[in-house]
J.: 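I have a structure here, written as structure tokens, and I will follow up with some questions on it.
Because the structure is a prediction, the values reported are computed rather than measured.
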Number of protein chains: 2
Amino acid sequence: MENRAAIKKCPLFAGVTDQDLDRLEEVCRRRELSKGEVLFSQGEPAVGFYVVTDGKIKIYKLSPDGKERILHIVHEGESFAEAAIFADGLYPAFAESVSPAAVLFFPKKEFLNLLKEHSQIPINMIAGLSRFLRQFATQIEDLTFKDVPARLARYLVDLAGDEAETIQLPISKSQLASRLGTVSETLSRTLRKLSDDDLIRVRGKDIDILDRDRLEDLAESTRESF
Amino acid sequence: MENRAAIKKCPLFAGVTDQDLDRLEEVCRRRELSKGEVLFSQGEPAVGFYVVTDGKIKIYKLSPDGKERILHIVHEGESFAEAAIFADGLYPAFAESVSPAAVLFFPKKEFLNLLKEHSQIPINMIAGLSRFLRQFATQIEDLTFKDVPARLARYLVDLAGDEAETIQLPISKSQLASRLGTVSETLSRTLRKLSDDDLIRVRGKDIDILDRDRLEDLAESTRESF
DNA sequence: TAAAATCTTTGATCGAGATCAAAATTGTTA
DNA sequence: TAACAATTTTGATCTCGATCAAAGATTTTA
């Protein structure tokens, strides 16, 4: 995707004037990534934030013994690490490409200058951060109240939307396991269980939704309820 | 606490001009709460946000079968639900006083008007949301990687700061259990274990830190590491 | 200050899901 | 397309922490 196109598509910059878009385009720097490149590590000074123009970036934490917990996967047109240039100024997680990718880097200083002059961008940022905060709150809720089948069902239902009969996982199964707060063995068994119960059919990354209603019920269910 | 004092103390309003403080003071409405009053429920339209002038407010989620998971406890001088007036405009959780309390309510509409005119407040908001986002990310990380003893140790170490030898729990033990993503029985047993190991001494709500180093180690430790 | 209500602790049991190990499948590269 | 690497699946075991039940302890209210 072109730089300008990516900037225009990014919700963070929705509704800003064309001349602001010009300035944004000037201050950013493009970087191409092959799969598996680490953009930044947890604890590094946050020198700026990013917008994804191509590919996908995973945002994750590492346990001391090296286990990975994906917090979020950033897709084309989305931004990440805007929050990091506020707060204590350190990146709070790792960012790494999970495919060949390209990003636009916006240096902290130039961006903060822009912020002070105009008022649409900060409001967009607040809205974006709010959505994220809500999503994280939901993740905390789910980790506490829901078991793996329910968390998986929620993920599948959300991915399918209202219409789709068949969905394709946008990420690998081991990544999905990490995103759901479990491990690939358990995810594998859970997918099989849902298949055996005729809720879904799994063909590699393609998953047919066979019984949306029961899948919804499962997503709402809590640990002990059945 | 006086309205004006609470507004001045609130990080959200740090660095704003005196005349803006005047306007804020005008648009807000004070509300006194006895213990256990519900300020808003999950799913209600977000008509404004709050600043706590006295007492404490718990922000929590409920599972379908009524189990409570505390996401955050708001203390005097802090704000909450600013994020909710953005995003989809619904409160994403419940808010309830855990003691007699008083809050200032800022209606959404008036506040958004103010936002558009000035630039310090949105920046403060972004900073606040960023900190929150980070805290939530850490909670997700801890729920995934850390067992209950480690999560408790982290809580105690953070509460104690660098100096204090003795701390007092600012909330009840069952609330703490919920905040840590466990139940009171498990918290009770875990406190006892830490006592038996001479890491802490528990006298009701007062807790002596006996061995800060080992407590820190425990907070860093992951599930299987010993 | 008695008694009612709430909170905390202790005991016993049980299950979801992590771990370890290994086989099977899929994807990649020479 | 053979050979290598990476991912996914299956099997067996084991543990943390939830649940259920009940007894103490503390706080509130009459």
J.: Can you list every pair that meets side chain to side chain donor-acceptor pair (under 3.5 Å) and has a residue in residues 180-191 of chain A, with sequence neighbours left out?
T.: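 Checked against side chain to side chain donor-acceptor pair (under 3.5 Å) - neighbours excluded - no pair reaches residues 180-191 of chain A.
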
J.: Tell me whether the rings of B:F49 and B:F106 are parallel (<30°), tilted (30 to 60°) or perpendicular (>60°).
T.: parallel

J.: Expressed as a whole number of angstroms, how long is the span from B:L180:CG to D:dA18:P?
T.: 11 Å

J.: Tabulate below the donor-acceptor pairs under 3.5 Å that side-chain atoms of residues 71-86 of chain B make, not counting sequence neighbours, or state none.
T.:
| residue | atom | partner | partner atom | Å |
| --- | --- | --- | --- | --- |
| B:E78 | OE1 | B:H75 | N | 2.9 |
| B:S79 | OG | B:E82 | OE2 | 3.2 |

J.: Go through the structure and list residues passing side chain to side chain donor-acceptor pair (under 3.5 Å) with B:K61, not counting sequence neighbours.
T.: A:E141

J.: Without decimals, in angstroms, what is the distance between A:K146 NZ and C:dG17 P?
T.: 13 Å

J.: Hey, what are the protein-to-nucleotides 5-10 of chain C N/O distances that come in under 3.5 Å?
T.:
| residue | atom | partner | partner atom | Å |
| --- | --- | --- | --- | --- |
| C:dT8 | OP1 | B:K173 | N | 3.0 |
| C:dT8 | OP2 | B:S174 | N | 2.9 |
| C:dT8 | OP2 | B:S174 | OG | 2.9 |
| C:dT9 | OP1 | B:K173 | NZ | 3.0 |
| C:dT9 | OP2 | B:S188 | OG | 3.3 |
| C:dT9 | O5' | B:S188 | OG | 3.1 |
| C:dT10 | OP1 | B:R192 | NE | 3.3 |
| C:dT10 | OP1 | B:R192 | NH2 | 2.7 |
| C:dT10 | OP2 | B:R192 | NE | 2.7 |

J.: Is there any protein nitrogen or oxygen under 3.5 Å from a nitrogen or oxygen in nucleotides 27-30 of chain C, and what are the pairs?
T.:
none

J.: By salt bridge (Lys or Arg N to Asp or Glu O under 4.0 Å), which residues pair with B:K58, not counting sequence neighbours?
T.: B:E68

J.: Tabulate below the donor-acceptor pairs under 3.5 Å that side-chain atoms of residues 39-47 of chain B make, not counting sequence neighbours, or state none.
T.:
none

J.: For the side chain of B:K67, counting heavy atoms from C-beta on, which of C:dA18, D:dC16, D:dT19 is nearest?
T.: D:dT19

J.: Looking at residues at least two apart in the chain, or sitting in another chain, which of them share a side chain to side chain contact (heavy atoms under 4.5 Å, CB included) with A:P100?
T.: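 Result, side chain to side chain contact (heavy atoms under 4.5 Å, CB included) vs A:P100: A:K35.
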
J.: Return the value, rounded to whole Å, for the distance between atom CG of A:L152 and atom P of C:dA16.
T.: 16 Å

J.: Quick check on the helix from C:dT1-D:dA30 to C:dA30-D:dT1: what's the angle between its two end axes, five base pairs per end, to the nearest 10°?
T.: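 Terminal axis comparison yields 50°.
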
J.: Just how far, in rounded Å, is P of C:dG17 from CG of A:D142?
T.: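 One finds 13 Å between P of C:dG17 and CG of A:D142, rounded.
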
J.: I need the CG-P distance between B:D147 and D:dA18, as an integer number of Å.
T.: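 Distance, rounded to whole Å: 11 Å.
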
J.: Considering residues at least two apart in sequence or located in another chain, which fulfil the side chain to side chain donor-acceptor pair (under 3.5 Å) criterion with B:Y60?
T.: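 Residues passing side chain to side chain donor-acceptor pair (under 3.5 Å) with B:Y60: B:E96.
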
J.: Restricting to pairs with a member in residues 155-170 of chain B, which pass salt bridge (Lys or Arg N to Asp or Glu O under 4.0 Å), not counting sequence neighbours?
T.: B:R154-B:D158

J.: Once you round it to whole Å, what is the distance between P of D:dT8 and CG of A:D206?
T.: 14 Å

J.: Counting only side-chain heavy atoms from C-beta out, which of C:dA16, D:dT19, D:dG17 sits nearest to B:V183?
T.: D:dT19

J.: Rounded to whole angstrom units, what separation is found between the CZ atom of B:F145 and the P atom of C:dT19?
T.: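 About 10 Å, once rounded to whole Å.
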
J.: Under the side chain to side chain donor-acceptor pair (under 3.5 Å) rule, what pairs show up with a residue in residues 193-215 of chain B, not counting sequence neighbours?
T.: B:T166-B:D208, B:R201-B:D208, B:R203-B:D208, B:D211-B:R214

J.: Would you call B:D54 and B:R30 a salt bridge, using N to O less than 4.0 angstrom?
T.: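 Between B:R30 and B:D54 there is a salt bridge, with a charged N closer than 4.0 Å to a carboxylate O.
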
